**Student:** 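Shown below is the structure under consideration.
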Amino acid sequence: MPAMNMIQALNDAHRVAMRADPDVVVFGEDVGFFGGVFRVTEGLQKEFGKQRSFDSPISEGGIVAAAVGMAAYGLKPVIEIQFADYIYPGYDQIVSEVAKIRYRTAGEWSMPMVIRSPYGGGIFGGQTHSQSPESLFTHIAGLKVVIPSTPHDAKGLLIAAIEDPDPVIFFEPKRIYNGPFDGYHDRPVKPWAKHPASEVPTGHFTVPIGKAAVVREGAELTVLAYGTMVHVALAAVEEHGVDAEVIDLRTLVPLDIETIEKSVEKTGRCLVVHEAPKTSGFGAELVSLVQERCFYHLEAPVVRVTGWDTPYPPAYEWAYFPGPKRMKTALEKVMAD
Amino acid sequence: MPAMNMIQALNDAHRVAMRADPDVVVFGEDVGFFGGVFRVTEGLQKEFGKQRSFDSPISEGGIVAAAVGMAAYGLKPVIEIQFADYIYPGYDQIVSEVAKIRYRTAGEWSMPMVIRSPYGGGIFGGQTHSQSPESLFTHIAGLKVVIPSTPHDAKGLLIAAIEDPDPVIFFEPKRIYNGPFDGYHDRPVKPWAKHPASEVPTGHFTVPIGKAAVVREGAELTVLAYGTMVHVALAAVEEHGVDAEVIDLRTLVPLDIETIEKSVEKTGRCLVVHEAPKTSGFGAELVSLVQERCFYHLEAPVVRVTGWDTPYPPAYEWAYFPGPKRMKTALEKVMAD
Amino acid sequence: MRGEDSQKQPNRPQLSLHVPEPPFRPGDTPDFSRLQIPAAGSAPRPDVAASAADVISLATDLVRVLGDDDRAVGPWDPKLDADTLRKILRDMVTVRIFDDRMYRAQRQGKTSFYMKATGEEAIAVTAAAALDRDDMNFPTYRQQGLLIARGYPLTEMMCQIYSNAGDKLKGRQLPIMYSDKAHGFFTISGNLGTQFPQAVGWAMASAIKGDSRVAVGWIGDGATAEGDFHSAMTFAAVYNAPAVLVVVNNQWAISSFSGIAGAERATFAQRAIGYGIPGLRVDGNDVLAVYAAMRWAADRARSNLGATLIEYFTYRAEGHSTSDDPSGYRPAGEAKAWPLGDPIERLKAHLIALGEWDDERHQAIIAEIDAQVRAAQKQAEKQGVLPEQGKDNIESIFDDVYAEVPWHLAEQREQSLDEAR
Amino acid sequence: MRGEDSQKQPNRPQLSLHVPEPPFRPGDTPDFSRLQIPAAGSAPRPDVAASAADVISLATDLVRVLGDDDRAVGPWDPKLDADTLRKILRDMVTVRIFDDRMYRAQRQGKTSFYMKATGEEAIAVTAAAALDRDDMNFPTYRQQGLLIARGYPLTEMMCQIYSNAGDKLKGRQLPIMYSDKAHGFFTISGNLGTQFPQAVGWAMASAIKGDSRVAVGWIGDGATAEGDFHSAMTFAAVYNAPAVLVVVNNQWAISSFSGIAGAERATFAQRAIGYGIPGLRVDGNDVLAVYAAMRWAADRARSNLGATLIEYFTYRAEGHSTSDDPSGYRPAGEAKAWPLGDPIERLKAHLIALGEWDDERHQAIIAEIDAQVRAAQKQAEKQGVLPEQGKDNIESIFDDVYAEVPWHLAEQREQSLDEAR
Ligand SMILES: Cc1ncc(C[n+]2csc(CCOP(=O)(O)OP(=O)(O)O)c2C)c(N)n1
Ligand SMILES: Cc1ncc(C[n+]2csc(CCOP(=O)(O)OP(=O)(O)O)c2C)c(N)n1
Ligand SMILES: [Mg+2]
Ligand SMILES: [Mg+2]
């Protein structure tokens, strides 16, 4: 199994899917000749031709709308929104159309498509290259929301998303495109190569949508995380010697509630972690579900570790980012209570 | 104090604010000559002239953007989005601009404006005239989110919102424009006239943003609600003889956490009610806050009463709407545990 | 006004905001004599392969074929045979009768809502005649004529309006928000404008696949102001998409006249110029002109020559919907004063002028269609009307959110069934 | 391809998708000889009160004043005095030197990001000269020339780029996302296009208030595809807003050439036609033409005659930003081959031809400005550079979300201060 970083893995997933299904088409801003600003679609135009991989106008609304029309025709569009922060001009088409067409046509039309977008902070991107808008999509019935945290999962989940009959919002944690991140921005950058999850099966394979991964077993605390924060959380529990079970959700909708319940029932404590602002972040839903379903197992309130309820301030990136110190405080709190 | 329905109260609020401040301008689709499809802006063009109250093109993005420019100039725009379901084309301008301009300019520019929109179900409006998208705004730092539930509060809160230095998303529960609603759609429609909150002070007065109202005192359960659901909840606790304290939040952001905490600490139980779909609805945030802050007072898990995680199906409106039966089950559950 | 912005310079002209106002308001006597109506037959008809630059004048002209003498005239005459014209006439009459019955059904409380196409029936009905049967439409809510012209069963339409047991959309859409793939009719969205760029996406897909089918996008004059209009035009131009983009300019958007969408300064067809695609302005109440323009645009698209924007100029003769009373914002007599007439009357007169029709036959089809619509209605109502719906099959509201019902919806389904007990 | 859609009709032409491709890719020799460049002085100059219909030809023409002989020619010659021209020259040189230094600062790790305006300096600098001092700009990220021309301190700009203690934006914006009300420069948004309709809103407010100030909206060729472009044009047309709407067509949007935004079929200036407002296409590297067009449009707006769309045709001579290497998608020599030249060189040659300038003086101002920029940089760096920031005043990140800090932010502020300890 070749070692890949996340970009290579995503690129490979596109190729596998495009080779298998001539109806898969890939487009978005700068994705054609150039291969995307993060190079995820590099070489696709060369291999599959301009009719299947091409640049689009700078119009996120138009990109999504075109994908709707293509999906209505019978194609499987995979579109890139250059940064998740720029998805809002396409929000109406996603919420009012992509998410609702199967429902409002009672299944006569469906909207198989993947809307890929790099998201999250930690890359000096400031307000408009760092956002984590996942909860704006988890609230919308009809959408699936997937966030990988390793090259292995990125490939397997993307292929699964492309093959899925429903529309999938696929957020890619851009901070860990090139290597995992423990939250210590002042330590040397690690490449994926040394991480076991950089070993990515060749050819076709899928990681099922709707299944979380227990990435660390533990007995005294359950940590729910996704994307970059999986790695930050893992590093923190190691550092503080907490015997935590760390669950990488991988899919936010539909959520793998079974894995979560099983774990919290065992540990009696739960920490929920994400980069997005706290108020109405996806963490709120996780906390609600855990307290609704595991209340009598809980020994302490579920604690949220999140970004602040402010826009993302670039010069204060590391005061904003929920890094090791915020993790530490939260771990102490959730274990002390 | 004259008895008003909610539409009259909102109309009156506009007049009071426009008389007091020549910088208040009001526009939106059909709001000028015609006075809006719900007639909230009726007569404003006549009283204040076409330069201060006018029709806009059908472009929610353009409406919000124009308001941004006007606020940058120094005006106080009050704009109407005809239905909350149509706010999405303006979502980018709201999220990326309205919400962030004070922050990104370190206060050099501010965005005082009110974005009014009728929201919620119960009026046979189907998927695109019934939505409750409040949590898509509560997640966005920089926005205030206000939802009145009576004519009295509608006027007082709207004046407060227009005078507020920050942008306010002002959702109006259209089901109760003309009368309160107990959730029994098959009972005769009640007008506001007989309700004490239809008595609306004349002239200028405000209901403060950020302050909830305890609309019913009680000892054994706290019910958190807003908009139409305040009335549904009140009716349900009366019907089932639960000694519940019902809190009308009135403002979702910034939330009146003090009133909530005080109540839950007293009652030890909490029910959260809204029309929006459950997953990542604002109820999730309320549940999270309550369990984070009142965990050791809770005798049972906080229960959510919400719309389903589906689009709004018009023919099944009353199976979708969180009405008396859903309230009953939830009341039994939260009191039994 | 706040401090820093208040220093006006007295030596400079004072600006003021222009707010467009329709020529007539309630109480006024509508007078359309200032309206420029070019003579029928006067607009040139370029080859479908003409460049966009060569057809610029057609964006401000008005393609008309039916003259005041009820005869077809000029290069745009599509030379349709009488059977085709009679079919179009019949379909238009069907739309009108259908609309009237369903409007009445709403007033009788059998459904919650209805929208008529009165006065603009020619457009959708005739477009269907000009298109190939497998071309795909992305309609808005006044294109019921497409379905009727393509033979979609009236009972099916009514079952949707009643959200009854026969409603294939399972009560999930407001009345009249039809969807039927087999009849090339994409699901109507309540969100204005969204369908317009979707049509272009479908057309792009057809081109990607080497297909020969074209897509037709439909939008109202008011909705052209949405950003989606621009997306559609941009994508259509950039990728040379085989699409026909139709603006139905019926001059009103609920209470706002078309000036609020920009019509004081330019025609909607002119928008095309800025994207380098042809724009045609066409008399929407003239069946022959409607047909000829749609055919020209569809032929062009099918020949891989790209998209066309067609503005069909018409008049919304009745209220916006059953929720609207237009006498609040325009003179009651305006519809009657509209100089481009009634499309049904105009086609009828033409067929009579051709010796292919007469009043008797006309009354006969009206009676026949009326009976047919009533029969369909009876049939539909056997399966229920809206106020009775929403009690059975409650579990169905959890279907089709996703291809499979996920756990959280399954739980909510259980809960809803408990409630229903 | 799925079942129901697969029946292609073999007797009909097979469609295919057109995907625009720039004329040259890496490895090609750029050859702009096919480019139509009208002679300087050839475009007519209508009165500012001309109707939009009367100026249609200017949307495809190219307003040019500086001839090959470096002399001003034709009706658009703004007849500027030499001092004004020298000021513009100086400002352009300042922009270029400033850009170079800040680019270098980024390469030295003193900041995270930088964007140059190389090759298109004439546009913003000259616009500032043509506008009144109190007109308001809604810029995008390549209009640093507006600030420099209006005398905004270079140190202030650098402090923003370094997010240091002197940064009035408190480290809340990416480098170069300036904001300064006093210099009529609205806060730059990272979200493309949003500012364009905002400019129209500001102009509407100015009109509502009977003010005399006009607003200028700025957008790139690529970003014209956003729906916001259409909102701006629609609102500007409907309300006759006193706005100047500028498309800086530098022919590239990161790696996509302007054909991906529709330029294969129409000019950006032509977009104006569909809204019934004037559209001018102007040589953006010709200071005199830039000035004359902006002045014409601003005068028109200020006379309550409404908005104008100006396309300044130029070329992005360097990479998109410090994160971009254009040699991956276009030939390395393309910038040099660009036939409309370098705006600084062209104005310099003009001044020399007028006898108002010489190489010596030019070298002298370069040296002088260079020193000034270095001094400003030194000054700015005293207050820190980006990698050192974000440690002090952590509590400031909770300010300005709202006018007052609400309880939940106050709590988070406490928490963040604990973390910082
Ligand atoms: C995005 C959006 N905004 C607003 C509305 C409300 N609305 C429904 S129909 C309508 C008027 C549309 O007018 P037009 O496009 O001219 O179509 P017509 O009704 O004349 O056929 C409006 C404003 C909507 N449905 N969707
Ligand atoms: C809404 C949005 N989509 C995408 C981007 C990413 N992006 C930043 S600059 C750019 C290219 C813009 O090109 P153009 O408008 O021509 O301006 P130029 O860079 O040439 O000055 C893109 C796609 C963005 N900033 N905002
Ligand atoms: Mg209309
Ligand atoms: Mg550009």
Side-chain angles (χ1 to χ4, degrees), chain B residues 21-23 25 27 29-37 45 49-62 72-75 82-83 85-86 88-89 92 123-129 277-279 306 308-320 323-326 328-329, chain C residues 1-6 16-17 19-22 25 112-113 163-164 167 170-175 177 189-193 220 222-228 253-256 260-262 323-324 328-329 386 389-391 393-394 396-398 400-401 406 408-409 412-413 415-416 418-420:
Chain B
D21 184 350
D23 290 339
V25 294
F27 62 103
E29 295 157 20
D30 300 291
V31 314
F33 184 87
F34 188 58
V37 294
Q45 187 174 82
K50 287 206 291 175
Q51 304 239 340
R52 290 185 64 199
S53 175
F54 50 85
D55 287 344
S56 79
I58 303 175
S59 166
E60 293 75 12
Y73 179 91
L75 301 186
Q82 201 163 80
F83 287 86
D85 320 59
Y86 305 142
Y88 308 118
D92 184 40
I123 61 139
F124 313 105
Q127 295 196 12
T128 55
H129 304 84
K278 184 177 192 180
T279 300
T306 69
W308 307 127
D309 281 314
T310 73
Y312 209 104
Y316 291 91
E317 175 135 44
W318 303 114
Y320 181 93
K325 285 191 184 157
R326 205 163 312 155
K328 175 168 184 271
T329 314
Chain C
M1 207 169 146
R2 276 171 254 161
E4 71 275 27
D5 292 322
S6 61
S16 78
L17 191 75
V19 177
E21 183 64 20
R25 284 294 193 191
S112 55
F113 180 77
S163 289
N164 66 15
D167 172 18
K170 302 190 190 163
R172 302 234 186 92
Q173 277 277 58
L174 275 192
M177 304 298 242
S189 176
N191 299 69
L192 291 173
T224 59
E226 292 286 2
D228 278 326
I254 310 185
S255 77
S256 298
I260 296 293
S323 315
D324 178 47
Y329 50 81
L386 181 54
Q389 305 311 318
K391 290 168 186 102
N393 301 321
I394 282 178
S396 76
I397 71 181
F398 301 94
D400 305 318
V401 181
H408 63 290
L409 286 175
Q412 293 178 13
R413 182 170 58 194
Q415 214 185 321
S416 79
D418 279 350
E419 280 181 21

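A, B, ... follow the sequence lines: proteins, then strands. Residue 1 opens every chain. Because the structure is a prediction, the values reported are computed rather than measured.
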**Student:** Side chain, backbone, both or neither: which part of B:Asp85 has a non-hydrogen atom closer than 4.5 Å to chain C?
**Tutor:** backbone

**Student:** Checking heavy atoms, do the side chain of C:Asn164, its backbone, both or neither come under 4.5 Å from chain B?
**Tutor:** neither

**Student:** Does either side chain, that of B:Glu317 or that of B:Tyr312, offer a donor lying less than 3.5 Å from an acceptor on the other one?
**Tutor:** yes

**Student:** Where does B:Lys278 contact chain C at under 4.5 Å (heavy atoms): side chain, backbone, both or neither?
**Tutor:** side chain

**Student:** Which bit of C:Arg25 is near chain B, if near means a heavy-atom gap under 4.5 Å: side chain, backbone, both or neither?
**Tutor:** side chain

**Student:** Please classify the contact between B:Thr279 and chain C as side chain, backbone, both or neither, with a heavy-atom cut-off of under 4.5 Å.
**Tutor:** side chain

**Student:** Please flag which part of C:Ile254 lies under 4.5 Å from any non-hydrogen atom of chain B: side chain, backbone, both or neither.
**Tutor:** both

**Student:** Is the shortest heavy-atom distance from the side chain of C:Phe398 to the side chain of C:Ser416 under 4.5 Å?
**Tutor:** yes

**Student:** At a heavy-atom separation under 4.5 Å, does C:Ser112 approach chain B through its side chain, its backbone, both, or neither?
**Tutor:** side chain

**Student:** Examine whether an atom of C:Val401 lies under 4.5 Å from a heavy atom of chain B, and if so say whether it belongs to the side chain, the backbone or both; otherwise answer neither.
**Tutor:** side chain

**Student:** Shorter than 4.5 Å, heavy atoms on both sides: which option in C:Ser255, C:Gly220, C:Ser163 has the most such pairs with chain B?
**Tutor:** C:Ser255

**Student:** Dump the intermediate steps for ring-ring contact (aromatic ring centres under 6.0 Å, His included) on C:Tyr329 and B:Phe34, then the final yes or no.
**Tutor:** CA-CA 6 Å; C:Tyr329 50 81; B:Phe34 188 58; 5.4 Å; yes

**Student:** Is it the side chain or the backbone of B:Trp318 that comes within 4.5 Å of chain C heavy atoms, both, or neither?
**Tutor:** neither

**Student:** Between C:Ala223 and chain B, which part of the residue has a heavy atom less than 4.5 Å away: side chain, backbone, both or neither?
**Tutor:** backbone

